[in-house]
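Heads up: the structure comes next, in structure tokens.
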Number of protein chains: 2
Amino acid sequence: MQEKLREHIEKIVPLTDEEFAFVSAHFTIRNYKKRESIICKGDQVNHCYFVVSGLLMLVYDDESGKQHIVSFAMEDWWESDYLVYHTNTKATMSLQCLEDSIVLCLTLQDYQKLCAGTQKMEHFFLEKAHAGHIGSQRRIMSFLTSNAKERYEQLFQRYPSLFQRVSKTLPASYLGVSRETLSRLSS
Amino acid sequence: MQEKLREHIEKIVPLTDEEFAFVSAHFTIRNYKKRESIICKGDQVNHCYFVVSGLLMLVYDDESGKQHIVSFAMEDWWESDYLVYHTNTKATMSLQCLEDSIVLCLTLQDYQKLCAGTQKMEHFFLEKAHAGHIGSQRRIMSFLTSNAKERYEQLFQRYPSLFQRVSKTLPASYLGVSRETLSRLSS
DNA sequence: TTGAAATTGTGATATTTGTCACGCAACAGA
DNA sequence: TCTGTTGCGTGACAAATATCACAATTTCAA
């Protein structure tokens, strides 16, 4: 399990065995079943999560009861309600498992210790944050420049497997389209 | 000029005079006039920019000639075509001045030197990257949960001055709405 | 000052997308 | 196996938004 984390980090910064032992000691491992919630709306958010295996989604439920998927998190992804994680407020979103999943959990305190303790890890998280920012920007561009059909095609091209792993309602609410419209587009 | 940068950084990490002198030495200052382009589509992107004063926009022009505003950058903001900045490819977007502007420029090499040289700066940029990521996520949520009118109101509430500083075509193309629709919404 | 260009509002209409309703098929749990 | 739930497609219609056209106003440079 931890090996996956090491590989993942070492794509960006190489680590000695001792360094990785230090890093690794800050994570705890957890198993979740399909449909379980890792974070519920209103929770204190103490952890961010590295997905070892499985599939998660970060969801916002609006007042009218509609679900909006802010992001999916597949293997090797980091996820949390970051706004809340960094400001220590209560979760506005929930983080749910779409498949049985194994995650590594990191508390905010340990995250800060890791960053302060080894510049390598701070660098690693900086690179990840950049990648996240660039990814979000791509998604914003997609909203600005593309209609529903084009956004669907872009998502399909980027994550073809996603459509086999989850029901089509979910990509629809990630794309900001009703499931009926998505159904018509994809047929 | 550099004082603004120092204040800005010190909101996150305190710096000694020597430290700031070291940081400051990596930036060069530039003036641009309204309508000038700091980055043009196709350029090599060598710098990222800290806006001392003025107003910039990051724009993507699609094949059909439509303009899409990926972001505005006001005083105290950092901006660049980050994807390109970090991957050393050619600009897909352009960065234009909406007012006479003063910016501080940082090359990628110097950015890396700064990060490697002082953990404080790496930490500073990490915090900035998080804030950027959270901001993008907010905008994505806005696309997912809100119609044109609500998005307009959110933007207006967040940056009321923007609507006095630029023509209404621009907020429209930031919101992903035609200028006609925006005009009808705001009247 | 003056004339050209840019900005803005608004009507008419087309297009895209959402909503509601329904039936059928697949699937999971008792 | 039975049965309720969920997922999926699709028709009919409604709502949101885009597009095109035009006139009034403002801005700005010669």
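These numbers come from the heavy atoms of this one structure, side chains and all, not from hydrogens, waters or symmetry mates. In what follows, chains carry the letters A, B, and so on, assigned in the order in which the sequence lines appear, proteins first and then strands, with residues in each chain numbered from 1. Treat the numbers as computed from the prediction; the structure is a model and nothing was measured.
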Check: Who pairs with B/E153 by side-chain hydrogen bond (donor to acceptor under 3.5 Å, both in side chains), at least two apart in sequence or on another chain?
Finding: none
Notebook entry, point to check: Would you write out the dot-bracket form of DNA chain D, 5' to 3', with Watson-Crick and G-U pairs under 3.5 Å, [ ] for crossing pairs, | for pairs to other strands and . for unpaired bases?
Noted result: ||||||||||||||||||||||||||||||
Next item on the list: May I ask you to say whether A/K34 pairs ionically with A/D100, meaning some side-chain N is under 4.0 Å from a carboxylate O?
Entry: no
Item checked: Gap between atoms NZ and P, on A/K149 and C/dT17 respectively (whole Å) -> 11 Å
Checklist line | First and last nucleotide of DNA chain D, 5' to 3', lying under 4.0 Å from heavy atoms of chain A | finding: D/dG7 to D/dA12
Item checked: Where A/T145 and A/E150 come nearest, the two heavy atoms and their spacing -> O-OE1, 3.9 Å
Next item on the list: Could you list the residues that satisfy side-chain hydrogen bond (donor to acceptor under 3.5 Å, both in side chains) with B/T181, not counting sequence neighbours?
Entry: B/S178
Next item on the list: Any side-chain hydrogen bond (donor to acceptor under 3.5 Å, both in side chains) involving residues 155-173 of chain B? Give me the pairs, sequence neighbours left out, ordered by first then second residue.
Entry: B/E99-B/R165
Notebook entry, point to check: By side chain to side chain contact (heavy atoms under 4.5 Å, CB included), which residues pair with A/M57, not counting sequence neighbours?
Noted result: A/V59, A/Q67, A/I69, A/F72, A/Q96, A/L98, A/L170
Next item on the list: Can you sort out the partners of A/S37 under side-chain hydrogen bond (donor to acceptor under 3.5 Å, both in side chains), two or more places apart, ordered by chain and number?
Entry: none
Check: Pairs in or reaching into residues 62-86 of chain B: which pass salt bridge (Lys or Arg N to Asp or Glu O under 4.0 Å), with residues at least two apart or in two chains?
Finding: B/K4-B/E75, B/K4-B/D76, B/K11-B/D76
Notebook entry, point to check: Would you say A/L58 and B/L144 are hydrophobically clustered, going by side-chain heavy atoms of ILVMFWY under 4.5 Å?
Noted result: no
Check: Of the residues in residues 163-170 of chain A, which ones touch DNA chain D at a heavy-atom distance under 4.0 Å?
Finding: A/S167, A/K168, A/T169
Margin query: Applying side chain to side chain contact (heavy atoms under 4.5 Å, CB included), can you list everything that pairs with A/A172, at least two apart in sequence or on another chain?
Written below: A/R179, A/L182
Next item on the list: Specify the separation, in whole Å, of atom CZ of A/F143 and atom P of C/dT16.
Entry: 18 Å
Next item on the list: For side chain to side chain donor-acceptor pair (under 3.5 Å), just list the numbers for B/S146 and B/Q154, CA-CA rounded to whole Å, side-chain angles, deciding distance to a tenth of an Å, and then say yes or no.
Entry: CA-CA 9 Å; B/S146 309; B/Q154 289 159 20; 3.0 Å; yes
Next item on the list: Not counting sequence neighbours, which residues clear side chain to side chain contact (heavy atoms under 4.5 Å, CB included) with A/H26? List them please.
Entry: A/F22, A/L106, A/D110, A/K113, A/L114
Note to self: Output one letter per nucleotide in nucleotides 18-30 of chain C: B when a protein non-hydrogen atom lies under 4.0 Å from the base, S when only the sugar-phosphate is that close, - when neither is.
What the structure shows: BBBB---------
